[in-house]
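See structure below.
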Amino acid sequence: MDEGQQSRPSLIERLPTELVCMVLSALPDVMSLQAAALSCPLFYSAFMGAKTSTTTAILLKQLDISVLPTAIAASESAEFSHTYNLGPQRLEAFEEFMARHFNPQQQPTLPKSLSLNKALRIERLHSGVEQWAKQSIEDPTYPHDPSSGPDLTYEDVCRTQRALYRREAYCNLFGEAIMMQPHEYVDKRRRFTLNFPQESDTYEFILRFIHEALWPVFDIILNRISWNEYKHKIVGYSPFYSEVFMIGVLGLDLEKLRRIVMAETEEDRARVLANIRVRAPRISSSKK
């Protein structure tokens, strides 16, 4: 190969930027967008020229626009417990968070654009939400609105996904507070639950559905010999810890819960459960 051929750009590098942007916009998901942007300088340059609008458009292929504000709230709530310790500052931050994301007096604000990192977090979270929604709407007790006809609708799916994202946000906002400072947060937990009166039936159904899906897991914790091998590896675990530990399991994110529930055998579930960090306080000897 002569020097002229070596220095000549490849066919893909000679594509016009407008065409490359069209290629990027046609990708099916955000992870594919990230991979494409990092694949060569031309794609990276085209992505950087319209990164937020392209990212938002591709994310909206994966979840409905009516679900996106709740998904953003759930994603941002994941950093809540890492940023604020329990106390007055966290209570103030909670009020600001609720006013911004879950204010019943105003419609949720749709972002004009999303960063790639934020979209990737939402995409990972949506994978679990999508799986739980698909499983839950097939349950015979699902609160389908009969006025919309006998069959489940796309709105049923969206409403269920919103309920799952709200459940995720609830666990992130109150996970530690539920077990460590319950009285200080009772009113705020109640207000969070009551902020969605139009979809309260679906939200309550989701909480019940997840709880029932975890009964085999709770049975392992309380009654199964297979749990003995693993519980001793958990720091602070004691015979008096089982009920508190189960509350912590209920507060796990949807992806971790799915990993536990989907484990094929009792021993696999016990192993997965022991390897997942559960937010639950230690019980001191004075409380035994």
Side-chain angles (χ1 to χ4, degrees), residues 25-34 52-80 97-139 142-145 147-149 151-174 192-210 213 252-258:
S25 298
L27 292 170
D29 54 59
V30 180
M31 191 171 293
S32 298
L33 175 64
Q34 181 188 43
T52 53
S53 58
T54 303
T55 300
T56 305
I58 290 183
L59 184 63
L60 286 172
K61 295 181 182 181
Q62 299 173 262
L63 69 164
D64 191 81
I65 195 169
S66 69
V67 178
L68 182 57
T70 318
I72 292 172
S75 177
E76 292 185 5
S77 72
E79 300 299 320
F80 204 83
F97 186 91
M98 290 293 291
R100 183 155 44 96
H101 291 293
F102 295 122
N103 187 347
Q105 304 302 321
Q106 62 185 33
Q107 290 293 320
T109 303
L110 288 170
K112 295 181 180 179
S113 58
L114 286 171
S115 69
L116 180 62
N117 286 337
K118 180 176 285 190
L120 284 168
R121 289 197 300 270
I122 294 173
E123 181 180 69
R124 287 191 290 268
L125 181 56
H126 190 67
S127 175
V129 167
E130 204 169 28
Q131 292 297 323
W132 278 102
K134 182 179 179 180
Q135 185 179 356
S136 62
I137 62 177
E138 295 174 353
D139 189 276
Y142 179 80
H144 169 67
D145 182 2
S147 65
S148 60
D151 299 324
L152 292 172
T153 65
Y154 181 66
E155 176 52 34
D156 286 323
V157 175
C158 294
R159 186 171 61 250
T160 304
Q161 290 181 356
R162 287 193 294 269
L164 285 159
Y165 277 119
R166 285 168 186 149
R167 181 264 173 201
E168 192 84 351
Y170 180 90
C171 290
N172 289 330
L173 293 171
F174 299 108
F192 181 94
T193 304
L194 295 177
N195 264 4
F196 324 107
Q198 301 88 349
E199 300 186 353
S200 60
D201 288 349
T202 308
Y203 183 71
E204 291 170 7
F205 164 78
I206 285 297
L207 297 182
R208 185 173 64 252
F209 181 85
I210 292 175
L252 289 172
D253 64 63
L254 293 169
E255 181 55 36
K256 290 177 182 176
L257 289 182
R258 185 158 181 79

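Quick caveat, the model's predicted, so the values are computed rather than measured.
Here the closest heavy-atom approach between residue Leu252 and residue Lys256 is recorded as CD2-CD, 4.1 Å. Minimum interatomic distance between Ser136 and Ile206 (heavy atoms only, all atoms of both residues): OG-CD1, 3.7 Å. For the residue pair Ala163 and Tyr203, the shortest heavy atom distance occurs at O-CD1, 3.7 Å. Residues Ala71 and Leu63 come closest through the heavy atom pair CB-CD1, 3.7 Å. Here the closest heavy-atom approach between residue Ala74 and residue Asn172 is recorded as O-ND2, 3.6 Å.
The only member of Leu116, Ile122, Thr54, Leu114 that meets side chain to side chain contact (heavy atoms under 4.5 Å, CB included) when paired with Val30 is Leu116. Tested against Thr202 for a side-chain hydrogen bond (donor to acceptor under 3.5 Å, both in side chains), the candidates Arg159, Gln161, Arg166, Arg162 yield a single pass: Arg159. Under the side chain to side chain contact (heavy atoms under 4.5 Å, CB included) test applied with Leu59, the options Leu68, Asp29, Ile65 reduce to a single match, Leu68.
Taking the six-membered ring for Trp and thresholds of 30 and 60 degrees, Tyr165 and His126 have nearly parallel ring planes, at less than 30 degrees apart.
Looking only at side-chain heavy atoms (C-beta outward), Trp132 and Phe209 come within less than 4.5 Å of each other. Using a 4.5 Å cut-off on side-chain heavy atoms (C-beta onward), Glu168 and Val129 make no contact. Residues Gln34 and Glu123 fail the side-chain proximity criterion, which asks for heavy atoms closer than 4.5 Å. Between Leu125 and Asp253, the closest side-chain pair of non-hydrogen atoms is not below 4.5 Å. Side-chain contact between Glu155 and Cys158: present, with at least one pair of heavy atoms (C-beta onward) separated by less than 4.5 Å.
Looking only at distances, no side-chain donor or acceptor of Tyr142 sits under 3.5 Å from a matching main-chain atom of Leu152.
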| task | Begin from the C-alpha positions of Asn117 and Ser115 and carry the test side chain to side chain donor-acceptor pair (under 3.5 Å) through to its verdict. | result | CA-CA 6 Å; Asn117 286 337; Ser115 69; 5.7 Å; no

| query | For Phe205 and Asp139, what are the C-alpha separation, side-chain angles and deciding distance, and is it a side chain to side chain contact (heavy atoms under 4.5 Å, CB included)? | reply | CA-CA 10 Å; Phe205 164 78; Asp139 189 276; 3.9 Å; yes

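Summarising the geometry, atom OG belonging to Ser32 is positioned 8.0 Å from atom CD1 belonging to Ile58; distances are rounded to the nearest 0.5 Å. Atoms NZ and OG1, on Lys134 and Thr160 in that order, are 14.0 Å from each other to the nearest 0.5 Å.
Under a 4.0 Å N-O distance rule, the pair Glu76/Arg121 does not qualify as a salt bridge.
Surrounding NZ of Lys61 are more than 12 heavy atoms belonging to other residues, nucleotides or ligands, all under 6.0 Å away.
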